[in-house]
Amino acid sequence: MRTSPSDISTLFDVSIPDPSVVPRYNIAPTQNVSVILQEGNSLESNRQWRFFRWGLVPSWAKDLSISHKLINARGETISEKPSFRSAFKKRRCLVLADGFYEWEKTDSGKQPHYFTQHNESVMAFAGLWEYWENESTVFSCTIITTTANSLLDPMHDRMPVILDSEDHQQWLDPDFYEKESLQQLIKPYSADKMTSRLVNKTVNHVKNETPDCLAIIEH
DNA sequence: CCAGACGTTGTT
DNA sequence: GTCTGG
DNA sequence: CCAGACGTTGTT
DNA sequence: GTCTGG
């Protein structure tokens with residue numbers, strides 16, 4: 001079951017963005033994703049729900065081409081990498097999704113699997129965001145990765161960092177920067193809370209945007 | 001000092 | 001912007 | 001992530 | 001193989 005905009009509003013204490021929220025089934029890098037961020041300071045929490053380009057564009061980038069390379073950030077090195085360290089200090093965010101795909105290489109091509117939480121509720125990926133101002137103004141984000149849990153491990157040695165709700169506030173607070181505390185949040189999500197299923201290859205084509213991407217296929 | 005890089009995943 | 005290499 | 005292109009000159 | 005576009 002898809003998490004509704006009003007559920008998101010309640011869960012993350014944000015108002016629903018102005019243009020109506022459209023459900024998405026196949027978000028590719030460079031397209032917009034749902035982001036929760038906190039403006040201002042910890043005393044005046046001002047959370048926002050925005051749509052940012054997936055693929056970070058640091059402020060110093062000459063053009064948007066770097067965005068393709070910065071769709072993920074390794075949690076292990078995030079505080080050192082020139083592309084990520086300033087955002088790690090003050091521009092952390094949550095990237096929302098009901099689930100994510102991983103591809104398995106098979107004889108019959110790339111087989112997508114769809115991963116969700118057991119309870120199907122929305123996932124909050126640990127992310128970073130940036131602001132780029134040139135010919136245009138671009139808000140962008142990246143998703144932090146860590147080692148795979150036992151569910152993902154057979155397909156892939158990495159997975160996105162998923163944050164528990166009790167950790168959201170600390171992650172989002174731009175005034176909070178205790179490297180050790182933040183780094184402790186960057187760990188694999190419990191496999192016990194997750195499940196996966198085979199879905200059809202519709203999702204392999206970026207232009208396919210329908211709920212058919214989630215259609216289950218038999219083993 | 002200036003110039004150039006700034007990244008991850010997965011595969012070999 | 002900031003760091004590294006030369 | 002996957003799919004698809006991977007090129008130039010010159011003409012419309 | 002590697003880059004670009006989505």
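Each chain gets a letter, A, B and so on, in the order its sequence line appears, and its residues count up from 1. Nothing here was measured: the structure is a model prediction, and the numbers come from that model.
In this structure, of dC2(D), dC6(B), dT8(B), it is dC6(B) that holds the atom nearest to the side chain of Ser83(A). For Arg74(A), counting side-chain heavy atoms from C-beta on, the closest listed nucleotide (dT11(B), dT8(B), dC6(B)) is dT8(B). When distances run from any side-chain atom of Thr77(A) to the nucleotides dT8(B), dG7(B), dC2(D), the shortest one goes to dT8(B). For Phe84(A), the side-chain atoms get nearest to dT8(B) when compared with the rest of dC6(B), dT8(B), dC2(D).
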Pair up each side-chain donor or acceptor in residues 11-22 of chain A with any protein partner under 3.5 Å, not counting sequence neighbours, and list the distances.
none

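Residues Ile27(A), Val33(A), Val35(A), Phe52(A), Trp54(A), Ile71(A), Val95(A), Phe100(A), Phe115(A), Met123(A), Phe125(A), Trp129(A), Tyr131(A), Phe139(A), Ile143(A), Leu151(A), Leu152(A), Met155(A), Met159(A), Ile162(A), Tyr189(A), Met194(A) make up the rest of the hydrophobic cluster containing Leu37(A), defined by ILVMFWY side-chain heavy atoms closer than 4.5 Å, directly or through other members.
In DNA chain D, runs of at least 3 consecutive Watson-Crick or G-U pairs, each pair with both distances below 3.5 Å, span D:1-6 with E:1-6.
To the nearest whole angstrom, the two P atoms, one in dG7(B) and one in dA5(D), are 31 Å apart. Using atom C1' as the reference point in both dT9(B) and dC2(D), the two lie 13 Å apart (nearest Å).
Between the side chain of Thr142(A) and the backbone N or O of Leu70(A) there is at least one donor-acceptor pair closer than 3.5 Å. Here the side chain of Asp164(A) pairs no donor or acceptor atom with the backbone of Glu166(A) at under 3.5 angstrom.
Looking at residues two or more places apart in sequence or on another chain, you find a side chain to side chain donor-acceptor pair (under 3.5 Å) between Ser6(A) and Ser4(A).
Using a 4.0 Å heavy-atom distance criterion, Trp103(A) is classed as a sugar-phosphate-only contact. Looking at heavy-atom distances under 4.0 Å, Ala61(A) makes no contact with the nucleic acid at all.
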Heteroatom pairs (N/O) under 3.5 angstrom, protein to nucleotides 3-6 of chain E:
| from | atom 1 | to | atom 2 | distance (Å) |
| --- | --- | --- | --- | --- |
| dG5(E) | N7 | His68(A) | ND1 | 3.3 |
| dG6(E) | N7 | Thr30(A) | OG1 | 3.3 |
| dG6(E) | O6 | His68(A) | ND1 | 3.3 |

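The salt bridge (Lys or Arg N to Asp or Glu O under 4.0 Å) pairs that include a residue from residues 73-93 of chain A are Arg74(A)-Glu76(A), Glu76(A)-Arg158(A), Arg91(A)-Glu130(A), where partners are two or more places apart or lie in different chains.
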